[in-house]
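Chain identifiers are assigned alphabetically (A, B, ...) following the order of the sequence lines, protein sequences preceding nucleic acid strands; residue numbering begins at 1 within each chain.
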2 protein chains.
Amino acid sequence: MRDFTKKLRVLLVDDNANHLRGIKELLSIETSYSIVGATRSANLAINLIKKYHPDIVLMDVNMPEKDGLQTIQAISKLGLSTKVIILSGYDDSDLIYRAMKLGAKGYVLKTMASSKLIDAIEAVAEGKVYLPSILATRFFDYFQSSAREEARVSAEENLLSSLTSRENEVLELLTQGINYKSIASQLIISDTTVKTHVNNIFQKLQVNDRTNAVLYALTHGFKVNNNKKIEHLTTV
Amino acid sequence: MRDFTKKLRVLLVDDNANHLRGIKELLSIETSYSIVGATRSANLAINLIKKYHPDIVLMDVNMPEKDGLQTIQAISKLGLSTKVIILSGYDDSDLIYRAMKLGAKGYVLKTMASSKLIDAIEAVAEGKVYLPSILATRFFDYFQSSAREEARVSAEENLLSSLTSRENEVLELLTQGINYKSIASQLIISDTTVKTHVNNIFQKLQVNDRTNAVLYALTHGFKVNNNKKIEHLTTV
DNA sequence: GATTTTATCAATCAAGAGATTTAGATAAGT
DNA sequence: ACTTATCTAAATCTCTTGATTGATAAAATC
(Lines give C-alpha, C1' and ligand atoms only; values in the text may rest on other atoms or scores of the structure.)
Protein backbone atom coordinates (compact mmCIF):
# COMPACT_ATOMS: atom_id res chain seq x y z
CA MET A 1 0.00 0.00 0.00
CA ARG A 2 1.16 3.50 -0.64
CA ASP A 3 1.94 5.96 2.08
CA PHE A 4 -1.23 8.02 2.40
CA THR A 5 0.46 10.59 4.59
CA LYS A 6 2.33 11.79 1.52
CA LYS A 7 0.67 13.37 -1.46
CA LEU A 8 1.15 11.65 -4.77
CA ARG A 9 3.15 13.84 -7.09
CA VAL A 10 1.55 13.84 -10.52
CA LEU A 11 2.70 15.26 -13.85
CA LEU A 12 0.20 15.88 -16.65
CA VAL A 13 1.15 15.73 -20.30
CA ASP A 14 -1.45 16.43 -22.96
CA ASP A 15 -1.17 18.51 -26.08
CA ASN A 16 -4.77 19.56 -25.77
CA ALA A 17 -5.00 22.52 -23.39
CA ASN A 18 -8.63 21.84 -22.59
CA HIS A 19 -8.01 18.27 -21.54
CA LEU A 20 -5.08 19.44 -19.51
CA ARG A 21 -7.25 21.93 -17.65
CA GLY A 22 -9.99 19.37 -17.17
CA ILE A 23 -7.75 16.76 -15.62
CA LYS A 24 -6.07 19.37 -13.50
CA GLU A 25 -9.42 20.41 -12.04
CA LEU A 26 -10.47 16.84 -11.54
CA LEU A 27 -7.35 15.99 -9.59
CA SER A 28 -7.38 19.20 -7.61
CA ILE A 29 -10.66 18.11 -6.01
CA GLU A 30 -8.80 15.20 -4.47
CA THR A 31 -6.62 16.31 -1.61
CA SER A 32 -4.18 13.45 -1.91
CA TYR A 33 -2.52 14.59 -5.12
CA SER A 34 -0.12 17.36 -5.83
CA ILE A 35 0.32 18.36 -9.43
CA VAL A 36 3.99 19.04 -10.05
CA GLY A 37 3.44 20.17 -13.60
CA ALA A 38 1.16 20.23 -16.59
CA THR A 39 2.65 20.56 -20.01
CA ARG A 40 1.64 20.28 -23.63
CA SER A 41 5.09 19.27 -24.81
CA ALA A 42 6.54 15.78 -24.62
CA ASN A 43 10.11 17.05 -24.67
CA LEU A 44 9.38 19.48 -21.89
CA ALA A 45 7.77 16.63 -19.96
CA ILE A 46 11.02 14.67 -20.00
CA ASN A 47 12.83 17.63 -18.50
CA LEU A 48 10.19 18.12 -15.86
CA ILE A 49 10.41 14.45 -14.92
CA LYS A 50 14.17 14.67 -14.59
CA LYS A 51 13.73 17.69 -12.37
CA TYR A 52 10.81 16.71 -10.16
CA HIS A 53 10.75 12.90 -10.16
CA PRO A 54 6.97 12.66 -10.04
CA ASP A 55 5.32 9.46 -8.83
CA ILE A 56 2.89 9.36 -11.71
CA VAL A 57 2.84 10.75 -15.22
CA LEU A 58 -0.53 10.98 -16.90
CA MET A 59 0.15 11.16 -20.59
CA ASP A 60 -1.81 11.51 -23.77
CA VAL A 61 -0.33 9.23 -26.42
CA ASN A 62 -1.65 11.20 -29.34
CA MET A 63 0.78 14.04 -29.48
CA PRO A 64 2.32 15.46 -32.62
CA GLU A 65 5.80 16.65 -31.62
CA LYS A 66 7.23 13.54 -30.12
CA ASP A 67 5.05 10.51 -30.36
CA GLY A 68 3.67 9.20 -27.13
CA LEU A 69 5.24 5.78 -27.38
CA GLN A 70 8.70 7.24 -27.81
CA THR A 71 8.09 9.38 -24.78
CA ILE A 72 7.19 6.36 -22.65
CA GLN A 73 10.40 4.73 -23.73
CA ALA A 74 12.38 7.84 -22.94
CA ILE A 75 10.83 7.96 -19.47
CA SER A 76 11.58 4.27 -18.87
CA LYS A 77 15.19 4.89 -19.80
CA LEU A 78 15.54 7.47 -17.05
CA GLY A 79 15.47 4.59 -14.61
CA LEU A 80 13.27 6.42 -12.12
CA SER A 81 10.37 4.94 -10.20
CA THR A 82 8.06 7.28 -12.09
CA LYS A 83 5.09 5.37 -13.43
CA VAL A 84 3.31 6.19 -16.64
CA ILE A 85 -0.44 6.04 -17.15
CA ILE A 86 -1.61 6.42 -20.71
CA LEU A 87 -4.61 8.49 -21.64
CA SER A 88 -5.93 7.70 -25.04
CA GLY A 89 -8.94 8.30 -27.15
CA TYR A 90 -8.65 4.97 -28.89
CA ASP A 91 -8.78 1.37 -27.77
CA ASP A 92 -6.45 0.23 -30.49
CA SER A 93 -4.98 -3.22 -29.64
CA ASP A 94 -1.65 -2.47 -31.16
CA LEU A 95 -1.32 0.83 -29.34
CA ILE A 96 -2.21 -0.73 -26.00
CA TYR A 97 0.19 -3.57 -26.64
CA ARG A 98 3.08 -1.34 -27.51
CA ALA A 99 2.46 1.09 -24.69
CA MET A 100 2.46 -1.68 -22.13
CA LYS A 101 5.50 -3.23 -23.72
CA LEU A 102 7.40 0.00 -23.43
CA GLY A 103 6.71 0.24 -19.74
CA ALA A 104 3.35 1.94 -19.21
CA LYS A 105 1.66 0.82 -16.00
CA GLY A 106 -1.84 1.92 -16.75
CA TYR A 107 -4.10 2.71 -19.65
CA VAL A 108 -7.26 4.74 -19.44
CA LEU A 109 -9.62 5.74 -22.22
CA LYS A 110 -10.72 9.35 -22.32
CA THR A 111 -14.26 8.16 -22.76
CA MET A 112 -14.21 6.46 -19.39
CA ALA A 113 -15.72 7.94 -16.28
CA SER A 114 -13.33 10.26 -14.54
CA SER A 115 -13.53 8.15 -11.40
CA LYS A 116 -11.70 5.47 -13.38
CA LEU A 117 -8.79 7.80 -13.72
CA ILE A 118 -8.57 8.08 -9.95
CA ASP A 119 -8.82 4.29 -9.69
CA ALA A 120 -5.97 3.98 -12.15
CA ILE A 121 -3.75 6.42 -10.30
CA GLU A 122 -4.37 4.67 -7.00
CA ALA A 123 -3.75 1.22 -8.43
CA VAL A 124 -0.58 2.20 -10.22
CA ALA A 125 0.71 4.10 -7.22
CA GLU A 126 0.38 0.87 -5.24
CA GLY A 127 2.54 -0.91 -7.79
CA LYS A 128 -0.29 -2.57 -9.63
CA VAL A 129 -1.03 -2.43 -13.30
CA TYR A 130 -4.27 -0.78 -14.33
CA LEU A 131 -5.87 -2.03 -17.50
CA PRO A 132 -9.67 -1.94 -17.76
CA SER A 133 -11.26 -5.24 -18.60
CA ILE A 134 -12.06 -4.35 -22.20
CA LEU A 135 -8.53 -3.11 -22.84
CA ALA A 136 -7.01 -6.13 -21.14
CA THR A 137 -8.99 -8.33 -23.48
CA ARG A 138 -7.82 -6.33 -26.48
CA PHE A 139 -4.26 -6.57 -25.22
CA PHE A 140 -4.39 -10.32 -24.78
CA ASP A 141 -6.03 -10.94 -28.10
CA TYR A 142 -3.19 -9.07 -29.74
CA PHE A 143 -0.57 -10.70 -27.54
CA GLN A 144 -1.87 -14.17 -28.25
CA SER A 145 -2.29 -13.65 -31.95
CA SER A 146 1.30 -12.52 -32.32
CA ALA A 147 2.42 -15.49 -30.24
CA ARG A 148 0.39 -17.78 -32.48
CA GLU A 149 2.14 -16.34 -35.50
CA GLU A 150 5.51 -17.15 -33.96
CA ALA A 151 4.37 -20.65 -33.14
CA ARG A 152 2.97 -21.15 -36.62
CA VAL A 153 6.26 -20.29 -38.29
CA SER A 154 8.29 -22.51 -36.03
CA ALA A 155 5.88 -25.43 -35.97
CA GLU A 156 4.79 -25.46 -39.59
CA GLU A 157 5.91 -28.36 -41.74
CA ASN A 158 9.48 -27.31 -41.85
CA LEU A 159 12.46 -28.82 -43.48
CA LEU A 160 14.42 -28.83 -40.25
CA SER A 161 12.62 -31.93 -39.09
CA SER A 162 14.25 -33.98 -41.81
CA LEU A 163 17.73 -33.39 -40.42
CA THR A 164 19.53 -36.20 -38.67
CA SER A 165 20.82 -35.55 -35.18
CA ARG A 166 24.36 -35.18 -36.46
CA GLU A 167 23.21 -32.69 -39.05
CA ASN A 168 21.45 -30.82 -36.32
CA GLU A 169 24.68 -30.58 -34.39
CA VAL A 170 26.47 -29.26 -37.43
CA LEU A 171 23.72 -26.76 -38.18
CA GLU A 172 23.81 -25.60 -34.58
CA LEU A 173 27.49 -24.77 -35.04
CA LEU A 174 26.81 -23.13 -38.38
CA THR A 175 24.30 -20.85 -36.69
CA GLN A 176 27.11 -19.78 -34.42
CA GLY A 177 29.10 -18.58 -37.40
CA ILE A 178 31.78 -21.23 -37.14
CA ASN A 179 33.77 -22.44 -40.17
CA TYR A 180 34.49 -25.95 -41.40
CA LYS A 181 37.77 -26.45 -39.61
CA SER A 182 36.49 -25.35 -36.24
CA ILE A 183 33.35 -27.39 -36.59
CA ALA A 184 35.51 -30.40 -37.44
CA SER A 185 37.70 -29.93 -34.40
CA GLN A 186 34.73 -29.36 -32.14
CA LEU A 187 32.99 -32.51 -33.29
CA ILE A 188 36.29 -34.36 -33.53
CA ILE A 189 35.71 -35.47 -37.08
CA SER A 190 37.53 -34.55 -40.26
CA ASP A 191 36.60 -31.38 -42.10
CA THR A 192 35.72 -33.34 -45.19
CA THR A 193 33.06 -35.07 -43.15
CA VAL A 194 31.76 -31.74 -42.01
CA LYS A 195 31.55 -30.69 -45.63
CA THR A 196 29.49 -33.74 -46.39
CA HIS A 197 27.09 -32.99 -43.56
CA VAL A 198 26.85 -29.37 -44.56
CA ASN A 199 26.08 -30.34 -48.12
CA ASN A 200 23.38 -32.70 -46.96
CA ILE A 201 21.94 -29.92 -44.84
CA PHE A 202 21.87 -27.64 -47.88
CA GLN A 203 20.01 -30.26 -49.85
CA LYS A 204 17.43 -30.77 -47.13
CA LEU A 205 16.90 -27.09 -46.44
CA GLN A 206 16.91 -26.31 -50.15
CA VAL A 207 19.57 -23.62 -49.93
CA ASN A 208 22.92 -23.07 -51.61
CA ASP A 209 25.12 -21.61 -48.91
CA ARG A 210 25.62 -21.42 -45.21
CA THR A 211 24.22 -17.93 -44.82
CA ASN A 212 20.89 -19.07 -46.18
CA ALA A 213 21.02 -22.22 -44.11
CA VAL A 214 21.54 -20.13 -40.99
CA LEU A 215 18.77 -17.76 -42.01
CA TYR A 216 16.43 -20.66 -42.60
CA ALA A 217 17.30 -22.16 -39.24
CA LEU A 218 16.79 -18.90 -37.37
CA THR A 219 13.49 -18.06 -39.01
CA HIS A 220 12.07 -21.52 -38.55
CA GLY A 221 12.53 -21.91 -34.86
CA PHE A 222 15.72 -23.90 -34.93
CA LYS A 223 16.64 -24.86 -31.42
CA VAL A 224 19.52 -26.86 -30.04
CA ASN A 225 18.23 -30.39 -30.09
CA ASN A 226 18.54 -32.51 -27.00
CA ASN A 227 17.81 -35.74 -28.81
CA LYS A 228 19.10 -38.09 -26.19
CA LYS A 229 18.04 -41.62 -26.80
CA ILE A 230 14.77 -42.47 -25.12
CA GLU A 231 16.04 -45.64 -23.47
CA HIS A 232 18.47 -43.50 -21.52
CA LEU A 233 15.74 -41.45 -19.97
CA THR A 234 14.62 -42.19 -16.48
CA THR A 235 11.02 -41.54 -15.64
CA VAL A 236 10.37 -40.39 -12.13
CA MET B 1 -22.93 -10.90 -23.18
CA ARG B 2 -23.39 -14.61 -23.19
CA ASP B 3 -26.69 -16.32 -23.79
CA PHE B 4 -28.05 -17.04 -20.32
CA THR B 5 -30.77 -19.28 -21.66
CA LYS B 6 -28.14 -21.85 -22.42
CA LYS B 7 -26.05 -23.58 -19.81
CA LEU B 8 -22.30 -23.13 -20.05
CA ARG B 9 -20.67 -26.43 -20.83
CA VAL B 10 -17.62 -26.89 -18.64
CA LEU B 11 -14.86 -29.49 -18.63
CA LEU B 12 -12.70 -30.03 -15.56
CA VAL B 13 -9.12 -31.24 -15.73
CA ASP B 14 -7.13 -31.78 -12.56
CA ASP B 15 -4.88 -34.65 -11.61
CA ASN B 16 -5.92 -34.30 -8.00
CA ALA B 17 -9.17 -36.21 -7.44
CA ASN B 18 -10.09 -34.15 -4.39
CA HIS B 19 -9.78 -30.86 -6.20
CA LEU B 20 -11.77 -32.31 -9.03
CA ARG B 21 -14.57 -33.30 -6.66
CA GLY B 22 -14.45 -29.94 -4.91
CA ILE B 23 -14.78 -27.90 -8.06
CA LYS B 24 -17.48 -30.19 -9.35
CA GLU B 25 -19.55 -29.60 -6.22
CA LEU B 26 -18.91 -25.89 -6.33
CA LEU B 27 -20.13 -25.62 -9.89
CA SER B 28 -23.07 -27.91 -9.36
CA ILE B 29 -24.52 -25.38 -6.92
CA GLU B 30 -24.79 -22.94 -9.78
CA THR B 31 -27.61 -23.84 -12.09
CA SER B 32 -26.14 -22.17 -15.13
CA TYR B 33 -23.35 -24.66 -15.70
CA SER B 34 -23.38 -28.15 -17.05
CA ILE B 35 -20.29 -30.23 -16.45
CA VAL B 36 -19.57 -32.24 -19.56
CA GLY B 37 -16.68 -34.08 -18.02
CA ALA B 38 -14.13 -34.24 -15.26
CA THR B 39 -10.86 -36.00 -15.88
CA ARG B 40 -7.49 -36.45 -14.26
CA SER B 41 -5.70 -37.01 -17.54
CA ALA B 42 -4.54 -34.29 -19.91
CA ASN B 43 -4.55 -36.62 -22.90
CA LEU B 44 -8.04 -37.77 -22.11
CA ALA B 45 -9.05 -34.14 -21.78
CA ILE B 46 -8.03 -33.45 -25.37
CA ASN B 47 -10.24 -36.29 -26.56
CA LEU B 48 -13.16 -35.09 -24.47
CA ILE B 49 -12.78 -31.59 -25.88
CA LYS B 50 -12.76 -32.93 -29.42
CA LYS B 51 -15.91 -34.87 -28.63
CA TYR B 52 -17.97 -32.41 -26.60
CA HIS B 53 -16.66 -28.97 -27.61
CA PRO B 54 -17.12 -27.47 -24.14
CA ASP B 55 -17.35 -23.69 -23.75
CA ILE B 56 -14.87 -23.62 -20.90
CA VAL B 57 -12.04 -25.86 -19.76
CA LEU B 58 -10.89 -25.45 -16.17
CA MET B 59 -7.43 -26.89 -16.01
CA ASP B 60 -4.77 -27.44 -13.41
CA VAL B 61 -1.36 -26.64 -14.89
CA ASN B 62 0.57 -28.85 -12.53
CA MET B 63 0.02 -32.23 -14.03
CA PRO B 64 2.65 -34.91 -14.44
CA GLU B 65 1.64 -36.83 -17.55
CA LYS B 66 1.45 -34.06 -20.08
CA ASP B 67 2.47 -30.71 -18.80
CA GLY B 68 -0.28 -28.14 -18.52
CA LEU B 69 1.27 -25.65 -20.91
CA GLN B 70 1.56 -28.23 -23.65
CA THR B 71 -2.06 -29.09 -23.11
CA ILE B 72 -3.14 -25.47 -23.53
CA GLN B 73 -1.25 -25.36 -26.77
CA ALA B 74 -2.83 -28.60 -27.93
CA ILE B 75 -6.27 -27.20 -27.16
CA SER B 76 -5.52 -23.96 -29.02
CA LYS B 77 -4.48 -25.97 -32.02
CA LEU B 78 -7.88 -27.62 -32.21
CA GLY B 79 -9.22 -24.30 -33.43
CA LEU B 80 -12.39 -24.53 -31.39
CA SER B 81 -14.02 -21.71 -29.48
CA THR B 82 -13.26 -23.58 -26.26
CA LYS B 83 -11.67 -21.26 -23.72
CA VAL B 84 -9.15 -22.33 -21.16
CA ILE B 85 -9.00 -21.11 -17.59
CA ILE B 86 -5.92 -22.08 -15.65
CA LEU B 87 -6.05 -23.22 -12.07
CA SER B 88 -2.72 -23.05 -10.35
CA GLY B 89 -1.28 -23.20 -6.91
CA TYR B 90 1.50 -20.78 -7.76
CA ASP B 91 1.65 -17.21 -8.88
CA ASP B 92 4.83 -17.72 -10.84
CA SER B 93 5.33 -14.86 -13.34
CA ASP B 94 6.87 -17.04 -15.96
CA LEU B 95 4.08 -19.60 -15.72
CA ILE B 96 1.39 -16.95 -16.00
CA TYR B 97 3.18 -15.36 -18.91
CA ARG B 98 3.56 -18.59 -20.83
CA ALA B 99 0.04 -19.76 -20.13
CA MET B 100 -1.43 -16.53 -21.46
CA LYS B 101 0.89 -16.58 -24.41
CA LEU B 102 -0.27 -20.06 -25.35
CA GLY B 103 -3.86 -18.99 -25.38
CA ALA B 104 -5.29 -19.25 -21.87
CA LYS B 105 -8.10 -16.78 -21.27
CA GLY B 106 -8.13 -16.82 -17.51
CA TYR B 107 -5.91 -17.61 -14.58
CA VAL B 108 -7.12 -18.33 -11.08
CA LEU B 109 -5.08 -19.23 -8.03
CA LYS B 110 -6.35 -22.13 -5.95
CA THR B 111 -5.88 -20.01 -2.87
CA MET B 112 -8.46 -17.54 -4.09
CA ALA B 113 -12.04 -17.47 -2.90
CA SER B 114 -14.19 -19.87 -4.85
CA SER B 115 -16.44 -17.01 -5.91
CA LYS B 116 -13.50 -15.78 -7.98
CA LEU B 117 -13.65 -18.94 -9.99
CA ILE B 118 -17.26 -18.19 -10.87
CA ASP B 119 -16.24 -14.63 -11.76
CA ALA B 120 -13.54 -16.00 -14.01
CA ILE B 121 -15.87 -18.39 -15.78
CA GLU B 122 -18.43 -15.67 -16.36
CA ALA B 123 -15.88 -13.18 -17.62
CA VAL B 124 -14.19 -15.63 -19.94
CA ALA B 125 -17.52 -16.90 -21.25
CA GLU B 126 -18.32 -13.32 -22.23
CA GLY B 127 -15.13 -13.16 -24.25
CA LYS B 128 -13.12 -11.26 -21.68
CA VAL B 129 -9.81 -12.18 -20.18
CA TYR B 130 -9.76 -12.90 -16.48
CA LEU B 131 -6.54 -12.14 -14.67
CA PRO B 132 -6.74 -11.04 -11.03
CA SER B 133 -5.02 -7.76 -10.31
CA ILE B 134 -2.02 -9.30 -8.56
CA LEU B 135 -1.46 -11.79 -11.40
CA ALA B 136 -1.90 -9.09 -14.01
CA THR B 137 0.82 -7.11 -12.32
CA ARG B 138 3.10 -10.14 -12.23
CA PHE B 139 2.37 -10.77 -15.87
CA PHE B 140 3.17 -7.24 -16.92
CA ASP B 141 6.33 -7.06 -14.87
CA TYR B 142 7.53 -10.16 -16.66
CA PHE B 143 6.29 -8.95 -20.02
CA GLN B 144 7.97 -5.59 -19.64
CA SER B 145 11.23 -6.96 -18.34
CA SER B 146 11.57 -9.29 -21.31
CA ALA B 147 10.71 -6.39 -23.62
CA ARG B 148 13.37 -4.29 -21.90
CA GLU B 149 15.90 -7.01 -22.52
CA GLU B 150 15.08 -6.95 -26.22
CA ALA B 151 15.33 -3.18 -26.28
CA ARG B 152 18.62 -3.27 -24.40
CA VAL B 153 20.23 -5.58 -26.89
CA SER B 154 19.05 -3.58 -29.85
CA ALA B 155 19.68 -0.15 -28.38
CA GLU B 156 22.94 -0.79 -26.58
CA GLU B 157 26.03 0.87 -27.96
CA ASN B 158 26.13 -1.26 -30.98
CA LEU B 159 28.50 -1.32 -33.86
CA LEU B 160 25.68 -1.06 -36.37
CA SER B 161 25.39 2.63 -35.74
CA SER B 162 28.80 3.22 -37.26
CA LEU B 163 27.71 1.96 -40.66
CA THR B 164 27.18 4.43 -43.47
CA SER B 165 23.86 4.38 -45.23
CA ARG B 166 25.35 2.57 -48.20
CA GLU B 167 26.85 -0.03 -45.91
CA ASN B 168 23.46 -0.42 -44.32
CA GLU B 169 21.94 -1.13 -47.68
CA VAL B 170 24.58 -3.73 -48.39
CA LEU B 171 24.15 -5.33 -44.98
CA GLU B 172 20.41 -5.43 -45.53
CA LEU B 173 20.99 -7.47 -48.67
CA LEU B 174 23.52 -9.66 -46.89
CA THR B 175 20.89 -10.47 -44.27
CA GLN B 176 18.74 -11.72 -47.11
CA GLY B 177 21.39 -14.25 -48.02
CA ILE B 178 22.31 -12.62 -51.31
CA ASN B 179 25.75 -12.99 -52.89
CA TYR B 180 28.16 -10.38 -54.24
CA LYS B 181 27.01 -10.46 -57.83
CA SER B 182 23.35 -10.13 -57.02
CA ILE B 183 23.99 -7.35 -54.55
CA ALA B 184 26.01 -5.55 -57.20
CA SER B 185 23.27 -5.83 -59.76
CA GLN B 186 20.61 -4.77 -57.28
CA LEU B 187 22.53 -1.67 -56.23
CA ILE B 188 23.73 -1.10 -59.79
CA ILE B 189 27.38 -0.90 -58.81
CA SER B 190 30.27 -3.22 -59.62
CA ASP B 191 30.83 -6.32 -57.55
CA THR B 192 34.27 -5.12 -56.56
CA THR B 193 32.63 -2.13 -54.95
CA VAL B 194 30.30 -4.41 -53.11
CA LYS B 195 33.31 -6.32 -51.84
CA THR B 196 34.80 -3.11 -50.56
CA HIS B 197 31.61 -2.24 -48.72
CA VAL B 198 31.33 -5.71 -47.31
CA ASN B 199 34.89 -5.56 -46.10
CA ASN B 200 34.27 -2.24 -44.43
CA ILE B 201 31.21 -3.71 -42.78
CA PHE B 202 33.30 -6.60 -41.47
CA GLN B 203 35.80 -4.16 -40.01
CA LYS B 204 33.11 -2.14 -38.29
CA LEU B 205 31.21 -5.13 -36.94
CA GLN B 206 34.46 -6.86 -36.00
CA VAL B 207 33.65 -10.06 -37.82
CA ASN B 208 35.41 -12.07 -40.49
CA ASP B 209 32.69 -13.36 -42.73
CA ARG B 210 29.18 -12.71 -43.92
CA THR B 211 27.55 -15.32 -41.73
CA ASN B 212 28.83 -13.58 -38.63
CA ALA B 213 27.92 -10.19 -40.04
CA VAL B 214 24.36 -11.42 -40.59
CA LEU B 215 24.25 -12.96 -37.13
CA TYR B 216 25.47 -9.74 -35.59
CA ALA B 217 22.90 -7.75 -37.50
CA LEU B 218 20.03 -10.02 -36.52
CA THR B 219 20.93 -10.20 -32.85
CA HIS B 220 21.46 -6.47 -32.55
CA GLY B 221 18.19 -5.24 -33.84
CA PHE B 222 19.24 -4.46 -37.38
CA LYS B 223 16.37 -2.90 -39.22
CA VAL B 224 16.07 -1.69 -42.75
CA ASN B 225 17.03 1.95 -42.56
CA ASN B 226 14.97 4.54 -44.31
CA ASN B 227 17.71 7.16 -44.21
CA LYS B 228 16.41 9.33 -46.94
CA LYS B 229 18.09 12.68 -46.99
CA ILE B 230 16.33 15.13 -44.73
CA GLU B 231 16.04 17.86 -47.36
CA HIS B 232 13.90 15.54 -49.42
CA LEU B 233 11.37 15.07 -46.68
CA THR B 234 8.18 17.04 -46.71
CA THR B 235 6.68 17.90 -43.39
CA VAL B 236 2.93 17.97 -43.34
C1' DG C 1 18.90 -61.77 -43.51
C1' DA C 2 18.35 -57.95 -46.63
C1' DT C 3 17.76 -53.11 -47.18
C1' DT C 4 18.06 -48.45 -45.87
C1' DT C 5 19.82 -44.79 -43.16
C1' DT C 6 23.46 -42.63 -41.05
C1' DA C 7 28.11 -41.28 -40.16
C1' DT C 8 32.44 -41.29 -41.62
C1' DC C 9 36.44 -40.11 -44.91
C1' DA C 10 38.68 -38.75 -49.37
C1' DA C 11 39.98 -36.38 -53.60
C1' DT C 12 39.02 -33.35 -56.95
C1' DC C 13 37.50 -28.91 -59.09
C1' DA C 14 35.45 -24.57 -59.60
C1' DA C 15 33.52 -20.71 -57.74
C1' DG C 16 32.98 -17.51 -54.28
C1' DA C 17 34.60 -14.98 -50.51
C1' DG C 18 37.75 -12.14 -48.19
C1' DA C 19 42.30 -9.29 -47.37
C1' DT C 20 44.91 -5.69 -48.96
C1' DT C 21 46.33 -1.83 -51.40
C1' DT C 22 45.65 1.95 -54.28
C1' DA C 23 43.03 5.65 -56.08
C1' DG C 24 39.64 9.05 -58.22
C1' DA C 25 35.31 11.82 -57.35
C1' DT C 26 32.14 14.08 -54.35
C1' DA C 27 30.37 16.09 -50.48
C1' DA C 28 30.52 18.10 -46.07
C1' DG C 29 32.62 20.28 -42.26
C1' DT C 30 36.31 23.39 -40.06
C1' DA D 1 41.51 26.29 -48.48
C1' DC D 2 42.12 22.23 -46.07
C1' DT D 3 40.60 18.07 -44.15
C1' DT D 4 37.82 14.23 -43.60
C1' DA D 5 34.26 10.89 -44.84
C1' DT D 6 32.03 8.42 -48.28
C1' DC D 7 31.30 5.97 -52.47
C1' DT D 8 33.10 4.18 -56.13
C1' DA D 9 36.45 0.98 -58.63
C1' DA D 10 40.29 -2.22 -59.77
C1' DA D 11 43.96 -5.63 -59.25
C1' DT D 12 46.00 -9.35 -56.99
C1' DC D 13 46.32 -13.02 -54.04
C1' DT D 14 44.87 -16.46 -50.66
C1' DC D 15 41.67 -19.09 -48.43
C1' DT D 16 37.12 -20.93 -47.81
C1' DT D 17 33.31 -22.84 -49.55
C1' DG D 18 30.46 -25.78 -52.14
C1' DA D 19 29.61 -29.54 -55.85
C1' DT D 20 30.47 -34.03 -57.12
C1' DT D 21 31.60 -38.65 -56.88
C1' DG D 22 32.78 -42.66 -54.57
C1' DA D 23 33.53 -45.74 -50.65
C1' DT D 24 33.22 -48.17 -46.00
C1' DA D 25 31.10 -49.60 -41.71
C1' DA D 26 27.83 -49.48 -38.16
C1' DA D 27 23.04 -49.05 -36.89
C1' DA D 28 18.41 -49.16 -37.58
C1' DT D 29 14.49 -51.01 -39.97
C1' DC D 30 11.91 -54.25 -42.38
Whole angstrom is fine here: how far is it from CZ in B:Arg166 over to P in C:dA28? 16 Å
Is it the case that the side chains of B:Ser182 and B:Asn179 hold a donor-acceptor pair, with the cut-off being a distance below 3.5 Å and no angle test? yes
Distance below 4.0 Å between A:Thr193 side-chain N/O and C:dA7 OP1 or OP2: no
Rounded to the Å, how far apart are A:Arg210 CZ and C:dG16 P? 16 Å
Can you tell me which nucleotide in D:dT8, D:dT6, C:dA17 comes closest to the side chain of B:Thr164? D:dT6
Using the ring pair (Phe, Tyr, Trp, His ring centres under 6.0 Å) definition, which of the options B:Phe140, B:Tyr107, B:Phe139 pairs with B:Tyr97? B:Phe139
Please report, rounded to the nearest Å, how far the C1' atom of D:dT6 is from the CD1 atom of B:Ile189. 12 Å
Write down the distance between CG (B:Asn212) and P (D:dT17), rounded to a whole number of angstrom. 11 Å
In whole Å, what is the span from the CD1 atom of A:Ile201 to the C1' atom of C:dT6? 13 Å
B:Ser190 has its side chain closest, among D:dA10, D:dT17, C:dC9, to D:dA10
Could you give the CD1-to-P distance, from B:Ile178 to C:dG16, as a whole number of Å? 15 Å
B:Ser146 (side chain) donor-acceptor with B:Tyr142 (main chain) under 3.5 angstrom: yes
Can you tell me how far C1' of C:dA7 sits from CG of A:Asp191, to the nearest Å? 15 Å
Assess the side chains of A:Ser41 and A:Thr39: does a donor N or O sit below 3.5 Å from an acceptor N or O? no
Contacts of B:Lys181 and A:Ile188 projected onto DNA chain C by closest heavy atom; the upstream (5') one is A:Ile188
Close N or O pairs between protein and nucleotides 19-24 of chain D (under 3.5 Å):
unit_1: D:dA19; atom_1: OP2; unit_2: A:Asn199; atom_2: OD1; d: 2.3

Do NZ/NE/NH1/NH2 and the carboxylate oxygens of A:Lys195 and A:Asp191 come within less than 4.0 Å? no
Phosphate contact (D:dT17 OP1 or OP2) by B:Thr211 side-chain N/O below 4.0 Å: no
CD of A:Glu167 versus C1' of C:dT5: gap in Å, rounded? 11 Å
Among C:dG18, C:dA7, C:dA17, which nucleotide sits nearest the side chain of A:His197? C:dA7
B:Phe143 vs A:Met100 side-chain heavy atoms within contact, under 4.5 Å: yes
Using atom types as modelled and distance alone, determine if a side-chain donor or acceptor of B:Arg210 lies under 3.5 Å from a backbone N or O of B:Phe202. no
Phosphate oxygens OP1/OP2 of C:dT12: is one of them under 4.0 Å from a side-chain N or O of A:Thr192? no
B:Ser165 side chain, from C-beta outward: closest of D:dA9, D:dG18, D:dC7: D:dC7
Establish, with yes or no, whether the OP1 or OP2 oxygen of D:dG18 is under 4.0 angstrom from a side-chain nitrogen or oxygen of A:Tyr180. yes
